[in-house]
Amino acid sequence: MTKSLVIVESPAKARTIAGFLGDGYVVESSIGHIRDLPKSADDVPPALKKVPWAKLGVDVENDFKPLYVVDADKKQHIQRLKQLLKDADELYLATDEDREGESIAWHLYEVLQPKVPVRRMVFHEITRKAIQQALSSPREIDRRLVEAQEARRILDRLFGYEVSPVLWKKILPKLSAGRVQSVATRVLVERERERMRFVTAKYWDLDALIAKKDGSTFDAGLVSVGRARVASGKDFGEDGRLTKSDVVLLDEAQAKALADGLRGQPMTVRSVERKPYKRSPSAPFMTSTLQQEAGRKLRFSTSRTMKAAQRLYENGYITYMRTDSTTLSEAALTAARRLIEEMYGREYVPSAPRTYANKVKNAQEAHEAIRPAGDTWKTPEDVSREVGPDEAKVYELVWKRTVASQMQDVRGESIVVKIAGKARDGRDVEFSVSGNTIQFAGFYRAYVEGSDDPEAELESREKHLPELVEGESLVARELKANGHETQPPARYTEASLVRRLEELGVGRPSTYASTLSTIQDRGYVFKKGTALYPSWTAFAVVSLLEKHFPELVDYAFTARMEDDLDEIANGAQNAVPWLRRFYFGEAANEGPNGAGGDNGLKTMVSENLGEIDARAVNSIPIGVDPNGVEIVARVGRYGPYLQRGEDTVSIPEELAPDELTVEKSLALLTAPSGDREVGKDPETGLTVFVKAGRFGTYVQLGEATKDGEKPKTASLFSSMKAETLTLEQALKLLSLPRTVGNDPADGVAITAQNGRYGPYVQKGTESRSLESEDQIFTVTTEQALALLAQPKTRGPRRAAATGPLKELGVDPVSQKPIVLREGRFGPYVSDGDTVASLRKGDTIDGITPERAQELLAERRERGPSTKSKRGRGGAKAKAAASEKPAAEKKAPAKKAAKKASTKKPAAKKASAKKSDEGDGAEAEDSRPAKKRSPDVTAEP
DNA sequence: CAGTGAGCGAGCTTCCGCTTGACTT
């Protein structure tokens, strides 16, 4: 008997299929992709580390040849697959039938190097019949489809890894750009821009309480006055003006006057219009619609929904949860129809199963819709006893949606009643009221299933009106004028953003949740409740991309890419020229060796980098103040801030971009700063302030005077808080430095104070750190002298910096001893000339002399890059500064001082925590905020 | 972003799509 190895993508799927296949088959999973481009240089094999494209993992000069590496945590699994293959007579690659699945099959083939016959099999539903059929009709791996996947992968890598560094240089380090995330961010930014542009309009209308002859009453709304329709929200544009001319806009006075003129007036039923209506159920869930529904109904985030769905899938309650298909298998249709007939009766079963056309662009449909698994479906009540609360809720959504999707339409009747009247001033008015009744509940039955009182639930979906006949006489008993304001378009939620991305064809079922995490992790988006707010960083990034990479953030970019990938998959075009056009420009394929392109990605991220004005892209215009001075929001290294001329102020974190109007900006800029008065110094009579500064909170004695004399300041101790600081504490701080005493030997004074590196004692030019801030006040002359008597290297900092942790023999190149030290940036090895940091995977204990030599050799290989780089960076920065003298002229002294100070180690160290400067010489780094909101504390 | 003292050198960040555990609390 032959043994066959079958490899699918998911372990849960493998278990299910194994049950169908029996003894002759071993079913395993690949657990997704098995190889990928290297994530960073660390993943590149040593032999290739030096090639210029090592970081990209794509040899752009050589037909974009990709370098594939097996992920570290996949290596063991590959070994296992190889082992299983040894005992097999044939191999079935049964990965999903889509672009990615085909690629996984090919990578498996390449990595496993099977010596036995290999067959590719595909199936769309996991039933015994479908699997058997797939086994008996295998095919070959579709190389073109694999090429299309490879092209997609390479394009995404080039986009992500070439454009992200542009953001590091021009905006902030560690930012990212990508085909999917950048469009997602742009969608949010554009919506916020709409909200910022939006002008609210006010309009009024009337509600009438109308009485029948028999005394019963009902409410109706005003629809027209003097034959003209009354304006409502939808009649206004975003500028707050009416978009139509044939409507009547009521203001408060007019509405109230009209209400007065109608009170007690006779009215007549002008028309009663009854119309049958029907509602059809929605399609079964796919990933995006499940995420939307769970977001709307359960307020779940996409990742919470997916975690619950994953558990339901793994435990056999639902089918695969990452799908873009709304198709139900034959088995599912049968199960649904039988269930509906049994639970609700034959009249709820449509004559033929419903099918739903897939509206998703680029749908790959490798799986079926998300539905209860199996041939008979457990009820939500049964499942809720077996799983956790989240899972139970998600299962209930899936069950109801799936069952409803195969039920009959809801049928009912809608009624619209128009009521005519005349105001006392003679104007004709018309009111309207509508209702609806359900005649046949259809699929609503499934949705009310499980509620305490299904009939009452159904009834709540109806709106009953009193019996009204044409010509009937009524009285307007009460009238109320209601004021309304138009609302800007709502912010996106996770659910609605997923829907928008899906409309654009951007992203895949497996990535919606992670894309949302990414844009939040990067600080592009933050959530308040369920609403997604774009940050100022997002504004800066999006405006940079729109201006300099418009093609890449075009909403149709992915759609066009998909069209091209389809052509690559069906042989109508080839991947290499396609990638060449993208990377080297349109003309790339015409010139020899692909040279000559001028509008490609590569040019834009290299030669043309200088065109991107960091200052400009980081400035988001807000408006002008009454004097015509421009106000801009800017993204700086220490957070977003507002700038008007020389005035700057931090933008409070919780403030949404669209709330930062000109008025609000002026309020922030002119508001009393976050400074607090602690009290008055009894000696000088000067006011003592607490302020937030670059290096944290500090106290200040008096205010800065015009004659350039600076007030005395002192940092707060870490144990103190700005809000609770007392005058006593403040004065104590301001009394520093404290004279500890005199050295009896030479009479020189010893002082104790706080400094850049913390508390210390000082005598003349000698200083030593203290261990705690409190010691500034408690240290005695003897203790201070003892400290000062110790050599400098004895301090805790210095000990770590200078004491070699390990000696690692003599370097064969330099013939000098190698030592391992712990430094500011972590452990490193050095032979005195060359210094090399330990890399990922290296440990202090595990380092060998050989490894140390290797590290040093690698470091030498790269040359004295540090210094030369710095030289270039510095020169560039200077050149850039001199290029824009106009911008600098306003506050030359201040800016120059600041620039100089950022170059000082102290400033660098202070900023390193939040964001390393890297070689981002051009990035916005001046942050001259004078004022700060009290609740924002500076980074240490 | 206040202004106060020491010293030793970087290397990395990032994409999109497939898929699960491995770890803790």
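We name chains A, B, ... by the order of the sequence lines, and we start the count at 1 in each one.
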Should A/Glu28 and A/Arg80 count as an ion pair when the cut-off is N to O under 4.0 Å?
yes
Let me know the distance between CG of A/Leu734 and P of B/dT4, rounded to the nearest Å.
13 Å
Contacts of A/Arg186 that satisfy salt bridge (Lys or Arg N to Asp or Glu O under 4.0 Å) - sequence neighbours left out
A/Glu190, A/Glu546
Do A/Glu100 and A/Arg153 meet the salt-bridge criterion of a basic N to acidic O distance under 4.0 Å?
no
Residues forming a side chain to side chain donor-acceptor pair (under 3.5 Å) with A/Thr185, sequence neighbours excluded
none
Rounding to a whole Å, what distance do you find between A/Lys763:NZ and B/dT4:C1'?
20 Å
Once Watson-Crick and G-U wobble pairs under 3.5 Å are found, how is DNA chain B written in dot-bracket notation, 5' to 3', with | for any base paired to another strand?
.........................
In B/S/- notation (B base, S sugar-phosphate only, - none; protein heavy atoms under 4.0 Å), nucleotides 14-21 of chain B written 5' to 3' is BBBBBBS-
Round to the nearest Å and state the distance from A/Leu736 atom CG to B/dT4 atom P.
13 Å
Only counting residues at least two apart or in another chain, list the ones meeting side chain to side chain donor-acceptor pair (under 3.5 Å) with A/Arg179.
A/Asp156, A/Thr558
Residue list, salt bridge (Lys or Arg N to Asp or Glu O under 4.0 Å) with A/Glu9, at least two apart or on another chain:
none
Hey, what's the ring geometry for A/Phe557 with A/Phe582, parallel, tilted or perpendicular (30° and 60° as the breaks)?
tilted
Using atom CG of A/Leu167 as one end and atom C1' of B/dC12 as the other, report the distance to the nearest whole Å.
16 Å
A/Lys13/A/Asp96 ion pair, N-O < 4.0 Å:
yes
